[in-house]
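Structure, as structure tokens:
Along the sequence shown, residues carry numbers from 1. Just so you know, ligand 1 is whichever comes first in the structure, and atom 1 is the first atom listed for that ligand.
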Amino acid sequence: MASFWSLLTLYAGLVFLQLAQAQATCNLSPRIAEQLRSLLSPRSEVVLTSNASFATDFVQRFSVNRAPSFVVAVKPASAADVGRVVRYASQNNVPFLATGGGHGYTWSLSRLQCGIDLDLSSFDSIAIDNAANTMTIGGSALSDNVTRALYAAGKELPVGMCTCVGFTGFTLGGGIGPYSGLYGAASDSLISAELVTGTGQLLTVSKTQHPDLFWGLKGAGFNYGVATALTFRVYPATNGGQAVVTNMIFPGALNGTVWQVLSAFFGNQPKELGLALSVGYQEQRGGMVIIVGFVYAGPEAESTALLKPFLDLNPLNLQILNTPWEDVPEVIVYGATRAGCQKGAQFVPYSVNLYKVDVPNLINVVGYMQTTLAANATLRSAIVTWAQYAPYGFQRYADDSSAFPYRAATAFVQINAFSPSAEQVPALDGFARELRDRFQRGSGSRSLETYVHFGHGDETPAAWYSARKLPRLQELKRVYDPKSLFSWYNAVPVRRDYW
Ligand SMILES: Cc1cc2nc3c(=O)[nH]c(=O)nc-3n(C[C@H](O)[C@H](O)[C@H](O)COP(=O)(O)OP(=O)(O)OC[C@H]3O[C@@H](n4cnc5c(N)ncnc54)[C@H](O)[C@@H]3O)c2cc1C
Ligand SMILES: *[C@@H]1O[C@H](CO)[C@@H](O)[C@H](O)[C@H]1NC(C)=O
Ligand SMILES: *[C@@H]1O[C@H](CO)[C@@H](O)[C@H](O)[C@H]1NC(C)=O
Ligand SMILES: *[C@@H]1O[C@H](CO)[C@@H](O)[C@H](O)[C@H]1NC(C)=O
Ligand SMILES: *[C@@H]1O[C@H](CO)[C@@H](O)[C@H](O)[C@H]1NC(C)=O
């Protein structure tokens, strides 16, 4: 008992210290701003977030629900300046977060209060070496900008479903999209990174320089530092850069058949074919619908032949678009992912990886959604999305080639809701979590596994990183971020007994 009470006292003391520290940072913000200004090169910018120019000149967040809060925002002009900010924050115990595209949405970010926003906007360069098949980008270049530059150069790389995310943030967590069927995660094509670590050093990290850290950057990178630049291997565009996007809508009544057909693709999906589907309640159709979007990196005739089992189900709507691959994220699933570019959302995210298609369980989930959503309109913004990319790309790289732990996952399920207001967040949260748990029961994995970028923040570190990779990631933490400065975004814990 004695040890219980002393532990409790110690814990209460720690909580108090943290609160006191956060409070102190909030109050000291003008001084922090002054001190940073005096440390940084003249082209850097420093503002208080209370200054109106913060909202117009700095990157704003996609989700403002359970978001981090900042008192000072800084735009370092150079990698040396990034190092100065990191060392200043470390020495003065001020929390900070690097901001790339501002699209990270895990609720774990809300633990950061009254911090420094390290806005990487000055690092937005993109340079492609056509002959060498490489691309170097700055730490804030956006997915859309990267995609368009690659397409214009006749190259390609896996990009995600949302054009507005930072391509560096995306890559540091793995980075998955339709062309992962061909090339694996975006991080599998990483050649090197320029990184300011938690010890304030500027390192070049690659297969030959700090190879241990290079391994960890590919899937868990935001735990170790601020990447000012990344260099990738890129590939000549498949099929001359032309893709076929096929969108279909099925009524909920057909869900069992759709899952059945889908399960036939599972595990033997051609590498050129990616699919995204979304399951939700459509008021105008009076019930559940399944909307499927396919992308095929090849000729339309081949795509149509492959999709025959779906076409034979007579979808309520069919759309076939021949499109440059750069436009795929804009048009797949009827352009639904464009909503992901709107800043300021009250986002409620959950996710679970699937390792099999459990048809009876999926029918149960859809039935539960139908019953609940028919009775309660408040919850109808909750949508299930399902991304399924061919295994070929992921299997090109061995499991131990990087920290990315989901090569065997065949579907990444997300249950996401855009809450119309902060008041409705708790109801949507409860419903979305219940759906996550129901999907998990048929996932083919005993414990919850979640792609780190899609996580809610309530999962365990083992769910994000896998128990087999965590010890190595924790060892890297001790070396490159011993003070846990990078601990806000679904983080690798330093302590072993955390999980
Ligand atoms: C609508 C939507 C759709 C998405 N679709 C996909 C998808 O299809 N596939 C996929 O893989 N992901 C997808 N994501 C997830 C996305 O990849 C992550 O949210 C990613 O973190 C976004 O990076 P960001 O720079 O925009 O975010 P930020 O919020 O700026 O950063 C997120 C985290 O990464 C860190 N970070 C960002 N840049 C750097 C840097 N240069 N150096 C070090 N750390 C950095 C931040 O400090 C923070 O911890 C989607 C997200 C949204 C909102
Ligand atoms: C707000 O920021 C702008 C741009 O950095 C600066 O010129 C201005 O002086 C700031 N205003 C205040 C009140 O600090
Ligand atoms: C992206 O491209 C747009 C349009 O060319 C440009 O205005 C913007 O500065 C670029 N931003 C980033 C972060 O890459
Ligand atoms: C889903 O499919 C099953 C099996 O065909 C069917 O019994 C059920 O009614 C369908 N669900 C909905 C919501 O239509
Ligand atoms: C809908 O669900 C929410 C949350 O569970 C609840 O507060 C609300 O009363 C429900 N509305 C109806 C009409 O059942």
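The main-chain N or O of F54 is never found under 3.5 Å from a side-chain atom of D57 such that the two would form a donor-acceptor pair.
Taking the ring axis of F58 as reference, the NZ or CZ atom of K75 stays within 45° of it and closer than 6.0 Å to the ring centre. Under a cutoff of 6.0 Å and an axis angle of 45°, K356 and F266 do not form a cation-pi pair.
Y350 pairs in a side-chain hydrogen bond (donor to acceptor under 3.5 Å, both in side chains) with only one of the listed residues (H456, Q414, E434), which is H456.
Aromatic ring centres of Y489 and H453: separated by under 6.0 Å. Checked against a 6.0 Å centroid threshold, the rings of F394 and Y406 do not count as neighbours. Taking the six-membered ring for Trp, Y183 and Y179 have ring centres at least 6.0 Å apart.
For atom 11 (N) of ligand 3, a protein heavy-atom neighbour is present inside the 4.0 Å cut-off. For atom 4 (C) of ligand 3, the nearest protein heavy atom lies 4.0 Å away or farther.
Side-chain contact annotation: D119 with S121, donor-acceptor N/O pair under 3.5 Å present. Q346 and S63 are not linked by any side-chain donor-acceptor pair at a separation below 3.5 angstrom, with hydrogens and angles left out of the test. Of the N and O atoms on the side chains of Q260 and T257, not one donor lies less than 3.5 Å from an acceptor on the other residue. Side chains of N490 and S108: a donor on one and an acceptor on the other come within 3.5 Å. N416 and Y105 are not linked by any side-chain donor-acceptor pair at a separation below 3.5 angstrom, with hydrogens and angles left out of the test. No side-chain N or O of E326 forms a donor-acceptor pair with one of T147 less than 3.5 Å apart. If you check the side chains of Y389 and T410, you find no donor sitting under 3.5 Å from an acceptor. Counting only N and O atoms by type, the side chains of Q370 and Y281 include no donor and acceptor under 3.5 Å apart. When only modelled atom types and interatomic distance are considered, T134 and D129 share no side-chain donor-acceptor pair under 3.5 Å. Side chains of Q209 and T204: a donor-acceptor N/O pair is absent below 3.5 angstrom, by distance only. Using modelled atom types, one finds a donor on one side chain and an acceptor on the other under 3.5 Å when comparing S402 with R407.
Within the 4.0 Å heavy-atom shell around ligand 1 one does not find F167. The shortest heavy-atom distance from A253 to ligand 4 is under 4.0 Å. At least one heavy atom of G225 sits closer than 4.0 Å to an atom of ligand 1. Heavy-atom distances between F454 and ligand 1 reach below 4.0 Å in at least one pair. Ligand 1 has at least one atom lying under 4.0 Å from a heavy atom of G102.
Every atom of ligand 1 with a heavy atom of A98 under 4.0 Å away is listed here by number and element: 46 (C), 47 (O). Within the listing of ligand 1, atoms 11 (O) sit less than 4.0 angstrom from a heavy atom of G175. Less than 4.0 angstrom separates some heavy atom of T168 from each of these atoms of ligand 1: 40 (C), 41 (N). Proximity to R61 (heavy-atom distance under 4.0 Å) selects the following atoms of ligand 1: 29 (O). Of all atoms in ligand 4, numbered sequentially from 1 with element shown, those under 4.0 Å from a heavy atom of G252 are 1 (C), 10 (C), 11 (N), 12 (C), 14 (O). Atoms of ligand 1 lying under 4.0 Å from at least one heavy atom of L120, given by number and element, are 40 (C), 41 (N). Atoms of ligand 4 found under 4.0 Å from any heavy atom of I363 (numbered from 1 in listed order, with element): 3 (C), 4 (C). The G340 neighbourhood of ligand 1 comprises atoms 1 (C), with distances under 4.0 Å to a heavy atom of that residue. Close approach of ligand 3 to S140 is summarised as follows: ligand atoms under 4.0 Å from at least one heavy atom of the residue are 13 (C). Within the listing of ligand 1, atoms 7 (C), 8 (O) sit less than 4.0 angstrom from a heavy atom of M161. Every atom of ligand 1 is numbered from 1 in the order shown, and the set under 4.0 Å from a heavy atom of V226 is 42 (N), 43 (C).
F222 CB, 3.9 Å is the protein heavy atom nearest to atom 35 (C) of ligand 1. Counting protein heavy atoms only, atom 10 (C) of ligand 1 is closest to F170 CE1, 3.4 Å. In this structure, atom 1 (C) of ligand 4 lies nearest to the protein heavy atom N255 ND2, 1.5 Å. If you check which protein heavy atom lies closest to atom 49 (O) of ligand 1, you get Y489 CB, 3.2 Å. Regarding atom 25 (O) of ligand 1, its nearest protein heavy-atom neighbour is G101 N, 2.8 Å. Of the protein's heavy atoms, C162 CB, 3.7 Å lies nearest to atom 4 (C) of ligand 1. Ranking protein heavy atoms by distance to atom 20 (C) of ligand 1, first place goes to H453 CE1, 3.6 Å. With respect to atom 26 (O) of ligand 1, the closest heavy atom belonging to the protein is G166 N, 2.8 Å. Of the protein's non-hydrogen atoms, L172 CD1, 3.7 Å is the one closest to atom 44 (N) of ligand 1.
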Under the side-chain contact (heavy atoms from CB on, under 4.5 Å) rule, what do F486 and K477 come out as? Steps first, then yes or no, please.
CA-CA 9 Å; F486 298 89; K477 202 75 181 155; 4.0 Å; yes
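Looking at ligand 1, you'll find an N or O of G104 within less than 3.5 Å of one of its N or O atoms. Considering both main-chain and side-chain atoms, Q370 never comes within under 3.5 Å of ligand 4 through any nitrogen or oxygen pair. Taking distance alone, with nitrogen or oxygen atoms compared against 3.5 Å, A227 approaches ligand 1 more closely than that limit. Considering backbone and side-chain atoms together, H103 places an N or O closer than 3.5 Å to an N or O of ligand 1.
Taking 4.0 Å as the cut-off between side-chain N and carboxylate O, D429 and R436 do not count as a salt-bridged pair.
When the heavy atoms of P68, P349, G169 are ranked by distance to atom 23 (O) of ligand 1, first place goes to G169. Nearest-residue assignment for atom 50 (C) of ligand 1 (options I176, V165, D119; heavy-atom criterion): V165. Between atom 8 (C) of ligand 3 and the options D124, V146, N145, the minimum heavy-atom separation is to N145.
Contacts with ligand 1 closer than 4.0 Å are made by side-chain heavy atoms of Y105 only, the backbone lying farther away. Residue F347 does not touch ligand 1, judged by heavy-atom distances below 4.0 Å. At a heavy-atom cutoff of 4.0 Å, ligand 3 is contacted by both the backbone and the side chain of L142.
Between C341 and C164, the sulfur-to-sulfur (SG-SG) separation falls under 2.5 Å.
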